[in-house]
Each structure stands twice: as structure tokens, then as C-alpha cells.
Amino acid sequence: TVGAVAVDSDGNIACATSTGGMLNKMEGRVGDTPCIGCGGYADNKIGAVSTTGHGEAIMKVTLARLILFHMEQGQSVEAASDLGLAYMKSRVDGLGGVVTVDPQGHWAARFSSPQMSWGAAQKDTLHYGLYTGE
Amino acid sequence: MLPVLVVHGGAGHIPKERSEKSTAGVCSAVRAGYAILQGGGSSMDAVVEAVSELENNPSFNAGCGSVLNVKGEVEMDAIVMDGKTLGSGAVSAVRCIANPVQLARLVMDKTSHACLTAEGATQFASAMGVPTVPQESLITEYSRIEVTEIHEAGRTVFTKEGKMG
């Protein structure tokens, strides 16, 4: 799965996610990616999230919208992302990762899986990582 | 307002031999999308550009490089969402197109629906002039090896991480 979130100079926010799905899946299986609030969500008033990971688990907790709910409650992008991923792990034993932005341009790339490749650009600076803590 | 773009190339276990290509791929996608933001472009244009680049990179599980289903075929899903209007578009179980994310955007821009699936998505792509590509062009040697190893081992998935999409 791949995905992106962005805030432009007008303050508009968007997300996109795309996937080949799950290895050896049944024909016709559809996971979280094309489901609003699961594979992604964007709202100028709150922020945007793109997700990756255990698709069925992400769907059960509507991970993207759950993270934005935590942001609506005042959590930072990092804290909200971690709270959403922790809830998914504790409730449905699911692992995954997210990229998140808020309307002020704060961003996060967080994951509960062993690895997630990610990259970010802001103020002409490129950030990237693969392991926790990078 | 400071523009920002963040991308991911998927969660799970990334084999060491693929980690450098994966990191290079996300960095390249970020540069492509961020250039649009720097030029005054929209966040929607930026995320679609970044994800299209990742779909075209065989190191990632989307577009070219998608994992194979139980029949050894490619079925892809994608979504876009616009935070200004809450407009969204998605496709699921779509086959034989290079960039499902661009088709998802067409669903958002050109229809009153939120998601088109399978044959209907393919028909919509054709109506929109989106070219079809041979399924073989989306399948990498790595994808073939992955699914072959599972079948030979008589398993449905590799590991818990292997279940990730």
C-alpha cells in the first residue's frame, strides 16, 4: 500500500491511498483502502490521514477517522496517530501505519508494524525513515 | 501557510534487499508531489502525483508491483479525498490500469458516486479514456516469487506481517 497527505498554500488538505491489497487474497477481497474513513480521510477543519497495514483491522476501527477524532479532541498529530494505532492493536490485534497532517501543517509518520517507509517535505527540507525513531 | 507533503510506502516487514529502493522511492515521490505544492498547486494534485509515482515504482505494493491474489492476478484499490469539499472517489478490485489513484480522482470529479468496483470501474475507465495495460505489465518477478512460495508451502499467508496490504 502507498499513500500521501498534503496541505497546500491555500490551506486545503487532501489524501490519497492506493494498494494491490493483501498477498494471496481471495478474488474480490476489498480491504480498507477504498473505504472512506478507513484507508484515508481528509477534512480542512481537522486534518488528513492515509493508512496502511492489516486492512480488515483498519476497517473495524475506521482508523483514519478515529485518528482525526482524537485530533478534534485536541490531540497532536503524533499523539492522535499513536492513539489510533494503539487502539487498533489492543482491540483487534491489528498492526499498521499512518501519515497524518493538520491544517497548521504539523505532520506525523507513525507505525506499529516493524517498519514503514515514509517521506515528508516541508520548508524545502526532506525527511524520511524506515524504522521506528527515524 | 507552509505547504507540506507526507507519503508512505506501506507498513510491514521490508526485506533488507528492498529497503534502499523503498526509501529512495518514497523520497522521489515526495519530491514530485512537493514540487507541485511549491509551484502553487493544490494538495489534491500533489497527493495524486506522489501516489502515481509510487504506483509506477515496482518496489511498492500498488500499481506495478501489486501483490497477487490467490489466482495469481492483480486487483487494485484506491481512494482520494478533498478536505475542502469532503468530496471523495474510490475504485476497488480494478484491473489492468496503471494508476488506480487517477481513476479514483475521476470518480470524484466526474461522477456523483463515492466508489466504483470491478467491471464497473473498468467500464468507467474506458469511458474516461483511461488506457488499459496488460496485466503482465503490473506483475513483477518479486510478486510471482512471493505467491509461489506461499502456494508451495501450502499456506495462505507468510506471517502476521504478510497479511498487511
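Here the structure is a predicted model, which is why all the values come from computation and not from measurement. Protein chains get the first letters and strands the later ones, always in sequence-line order, with residue 1 at the start of each.
- A distance of 7.5 Å separates CD of E134(A) from OG1 of T23(B), quoted to the nearest 0.5 Å.
- Only the side chain of S88(B) comes within contact range of chain A, with at least one heavy atom under 4.5 Å from a heavy atom of that chain.
- Between chain B and the options C15(A), G40(A), G97(A), the largest number of non-hydrogen pairs under 4.5 Å is found for C15(A).
- Cluster annotation: L85(A) is not connected to W107(A) through the hydrophobic network of ILVMFWY side chains, with a link wherever side-chain heavy atoms come within less than 4.5 Å.
- No donor-acceptor distance shorter than 3.5 angstrom exists from the side chain of N12(A) to the backbone of S42(B), with no hydrogens or angles considered.
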message: Before you tell me yes or no, could you show the steps for E27(A) and R95(B) under salt bridge (Lys or Arg N to Asp or Glu O under 4.0 Å), namely the whole-Å CA-CA distance, both residues' side-chain angles and the distance that decides it to 0.1 Å?
response: CA-CA 12 Å; E27(A) 188 178 17; R95(B) 298 166 184 252; 3.1 Å; yes
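- Between chain A and the residues G83(B), S143(B), G33(B), the most heavy-atom pairs under 4.5 angstrom are made by G83(B).
- Considering all non-hydrogen atoms of both residues, A6(A) and L5(B) come closest at CB-CD1, 3.6 Å.
- Atom NE2 of H8(B) and atom OG1 of T100(A) lie 9.5 Å apart (nearest 0.5 Å).
- Here the shortest heavy-atom pairing between A11(B) and T52(A) reads N-OG1, 3.0 Å.
- Counting only heavy atoms from C-beta outward, the side chains of L23(A) and V147(B) approach each other to under 4.5 Å.
- The part of R31(B) that comes within reach of chain A is its side chain, from C-beta onward, which places non-hydrogen atoms under 4.5 angstrom from that chain.
- Heavy atoms of V101(A) lying under 4.5 Å from chain B belong exclusively to its side chain.
- Interface residue V91(B): only backbone heavy atoms are found under 4.5 Å from chain A.
- Taken to the nearest 0.5 Å, the OG atom of S9(A) stands 11.0 Å off from the CD atom of Q38(B).
- Each of C27(B), G89(B), A50(B) has some count of heavy-atom pairs under 4.5 Å with chain A, and the biggest count is that of C27(B).
- To the nearest 0.5 Å, atom CG of residue D82(B) and atom CG of residue N44(A) are 7.0 Å apart.
- When every heavy atom of T33(A) is checked against every heavy atom of I79(B), the shortest pair comes out as O-CG2, 3.0 Å.
- Heavy atoms from other residues, nucleotides or ligands lying under 6.0 Å from CE of M128(B) number more than 12.
- Chain A forms more heavy-atom pairs under 4.5 Å with one residue of I14(B), V101(B), V94(B), D45(B) than with any other, namely I14(B).
- Within residues 115-133 of chain A, the residues having any heavy atom less than 4.5 Å from a heavy atom of chain B are, in residue-number order, Q115(A), M116(A), S117(A), W118(A), G119(A), A120(A), A121(A), Q122(A), K123(A), D124(A), L126(A), Y128(A), L130(A).
- Both I97(B) and L116(B) are assigned to one and the same hydrophobic cluster, defined by single-linkage of ILVMFWY side chains at heavy-atom distances under 4.5 Å.
- Under a hydrophobic-cluster definition in which Ile, Leu, Val, Met, Phe, Trp and Tyr are linked whenever side-chain heavy atoms come within less than 4.5 Å, directly or via other members, M76(B) and I58(A) are assigned to different clusters.
- In this structure, the portion of T51(A) lying under 4.5 Å from any heavy atom of chain B is its backbone and not its side chain.
- V80(B) and A16(A) get closest at one heavy-atom pair: CG1-CB, 4.0 Å.
- Looking only at heavy-atom pairs under 4.5 Å with chain A, the residue among V67(B), D77(B), V30(B) that has the most is D77(B).
- Atom-to-atom distance recorded for K84(B):NZ and D10(A):CG is 7.5 Å, nearest 0.5 angstrom.
- Most heavy-atom pairs under 4.5 Å with chain A: of the set E73(B), R105(B), E55(B), M81(B), this distinction falls to M81(B).
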- request: Test V7(B) against V2(A) for side chain to side chain contact (heavy atoms under 4.5 Å, CB included), laying out the working first.
  value: CA-CA 7 Å; V7(B) 310; V2(A) 303; over 6 Å; no
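- Listed here is the closest heavy atom pair of S66(B) and G20(A): OG-CA, 3.5 Å.
- Most heavy-atom pairs under 4.5 Å with chain B: of the set A57(A), S50(A), A108(A), this distinction falls to S50(A).
- Counting heavy-atom pairs under 4.5 Å between each of A78(B), G41(B), S22(B) and chain A puts A78(B) at the top.
- For the pair K25(A) (side chain) and L68(B) (backbone), a donor-acceptor distance under 3.5 Å is absent.
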task: Kindly determine whether T19(A) and N61(B) satisfy side chain to side chain contact (heavy atoms under 4.5 Å, CB included), including the steps that lead there.
output: CA-CA 6 Å; T19(A) 190; N61(B) 173 25; 3.9 Å; yes
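- Residues of residues 66-81 of chain A never come within less than 4.5 angstrom of chain B, heavy atom to heavy atom.
- Going from atom OG1 of T1(A) over to atom CG of L54(B) covers 11.0 Å, rounded to the nearest 0.5 Å.
- At a 4.5 Å heavy-atom cutoff, A118(B) makes no contact with chain A through either its backbone or its side chain.
- Residues V98(A) and Y87(A) share a single hydrophobic cluster, defined by chaining ILVMFWY side chains whose heavy atoms lie under 4.5 Å apart.
- When all heavy atoms of A114(B) and I36(A) are compared, the closest pair comes out as CB-CD1, 4.3 Å.
- By the rule that hydrophobic residues join a cluster once side-chain heavy atoms approach within less than 4.5 Å of another member, V48(B) and L103(B) end up as members of separate clusters.
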message: Does V51(B) form a side chain to side chain contact (heavy atoms under 4.5 Å, CB included) with S18(A)? I'd like the steps, not just the answer.
response: CA-CA 7 Å; V51(B) 169; S18(A) 181; 3.7 Å; yes
